[in-house]
Amino acid sequence: EVQLQASGGGLVQAGGSLRLSCAASGFSFDDYAIGWFRQAPGKEREGVSCISSSEDSTYYADPVKGRFTISTDNAKNTVYLQMNSLEPEDTAVYYCVAPCGMTAQAMAAIQATGFGSWGQGTLVTVSS
């Protein structure tokens, strides 16, 4: 059984940083791309970032490019999302998802279908 446990959310001021973690079990990072979605209050879920199983390819949604960095620690079966220069618009529940897509269209398809395994989410609140 695939399980994804996200953590690291919290309250931060605009301009601050947070690092989200997602501990995975039941599958190997060698098999699937893994990444993050988010859902802001009153909005649909959206893809944020994805890293390929070989770690040689990443996807970032336009709003987070240059501010967020995704990485993995395969020894710990953990994926991270380093979030810098946070903005109030980043306030959302962040979900760890596997597999994920390496394009906006692929991420949108996963969001629309709920395909794959989803963690329980961790809340990030950015105050202005």
Side-chain angles (χ1 to χ4, degrees):
E1 179 187 5
V2 174
Q3 291 190 337
L4 300 169
Q5 183 72 37
S7 61
L11 174 63
V12 64
Q13 287 189 332
S17 298
L18 281 175
R19 188 177 79 157
L20 305 184
S21 301
C22 176
S25 61
F27 74 101
S28 169
F29 281 11
D30 292 335
D31 297 330
Y32 298 111
I34 187 167
W36 298 87
F37 280 70
R38 68 185 181 185
Q39 187 166 21
K43 295 187 178 180
E44 290 190 348
R45 285 181 305 191
E46 62 176 353
V48 175
S49 183
C50 183
I51 186 166
S52 65
S53 57
S54 57
E55 299 178 73
D56 62 356
S57 183
T58 55
Y59 163 81
Y60 294 98
D62 286 343
V64 308
K65 281 181 182 177
R67 301 188 296 120
F68 290 11
T69 302
I70 191 169
S71 62
T72 59
D73 183 336
N74 284 13
K76 296 182 179 180
N77 237 35
T78 298
V79 60
Y80 303 99
L81 187 68
Q82 178 66 44
M83 306 186 296
N84 298 329
S85 302
L86 283 162
E87 303 168 353
E89 292 74 23
D90 297 315
T91 294
V93 177
Y94 285 72
Y95 298 91
C96 179
V97 181
C100 52
M102 303 307 294
T103 65
Q105 293 81 359
M107 293 290 260
I110 291 171
Q111 182 277 327
T113 61
F115 178 75
S117 297
W118 294 68
Q120 88 289 358
T122 186
L123 176 63
V124 173
T125 303
V126 184
S127 63
S128 57

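The first residue of the sequence shown is numbered 1, and numbering continues consecutively from there. Keep in mind that what you see is a predicted model, and the values were worked out from it rather than measured.
Both Met107 and Met102 are part of a single hydrophobic cluster, where members link through side-chain heavy atoms under 4.5 Å apart. A continuous path of hydrophobic side-chain contacts links Leu4 to Leu18 [ILVMFWY only; heavy atoms under 4.5 Å]. Linking ILVMFWY residues whenever their side-chain heavy atoms come closer than 4.5 Å, directly or via other members, leaves Val64 and Tyr80 in distinct clusters. Residue Val2 is not grouped with residue Phe115 when hydrophobic side chains (ILVMFWY) are merged at heavy-atom distances under 4.5 angstrom, including chains of intermediate members. If you chain together hydrophobic residues whose side chains sit under 4.5 Å apart, Leu20 and Val48 fall into the same group.
Classified by interplanar angle (parallel below 30°, tilted 30° to 60°, perpendicular above 60°), the ring pair Phe68/Tyr94 is tilted.
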Derivation and outcome, side-chain contact (heavy atoms from CB on, under 4.5 Å), residues Tyr59 and Ile70: CA-CA 9 Å; Tyr59 163 81; Ile70 191 169; over 6 Å; no
Full working for side-chain contact (heavy atoms from CB on, under 4.5 Å) between Met83 and Trp36: CA-CA 12 Å; Met83 306 186 296; Trp36 298 87; over 6 Å; no
Step-by-step side-chain contact (heavy atoms from CB on, under 4.5 Å) determination, Cys96 to Ile34: CA-CA 7 Å; Cys96 179; Ile34 187 167; 3.9 Å; yes
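Remark: of the listed residues Cys22, Ser7, Ser21, Ser21 is the sole one forming a side chain to side chain contact (heavy atoms under 4.5 Å, CB included) with Thr78. Arg38 pairs in a side chain to side chain contact (heavy atoms under 4.5 Å, CB included) with only one of the listed residues (Val93, Val124, Asp90), which is Asp90.
When every heavy atom of Ser128 is checked against every heavy atom of Ala14, the shortest pair comes out as CA-CB, 4.3 Å. Residue Gly9 comes nearest to Thr122 through the heavy atom pair N-OG1, 3.0 Å, listed as atom of the first residue, atom of the second, then distance. Heavy-atom minimum distance, Cys50 versus Ala33: SG-CB, 3.6 Å. Shortest non-hydrogen contact noted between Gly35 and Cys100 is N-SG, 3.3 Å.
A donor-acceptor contact shorter than 3.5 Å links the side chain of Gln120 to the backbone of Ala6.
For the atom pair Gln3 CD and Asn77 CG, the distance stands at 12.5 Å (nearest 0.5 Å). With rounding to the nearest 0.5 Å, the separation of CZ in Arg67 from CG in Leu86 is 6.5 Å. Here the CD1 atom belonging to Ile51 is positioned 9.0 Å from the CG atom belonging to Asp56, to the nearest 0.5 angstrom. Rounded to the nearest 0.5 angstrom, Tyr32 OH and Ser52 OG are separated by 15.0 Å.
The environment of CZ in Phe27 is crowded: more than 12 heavy-atom neighbours from other residues, nucleotides or ligands sit within 6.0 Å.
In this structure, a donor-acceptor pair under 3.5 Å is present between the side chains of Asn84 and Ser17.
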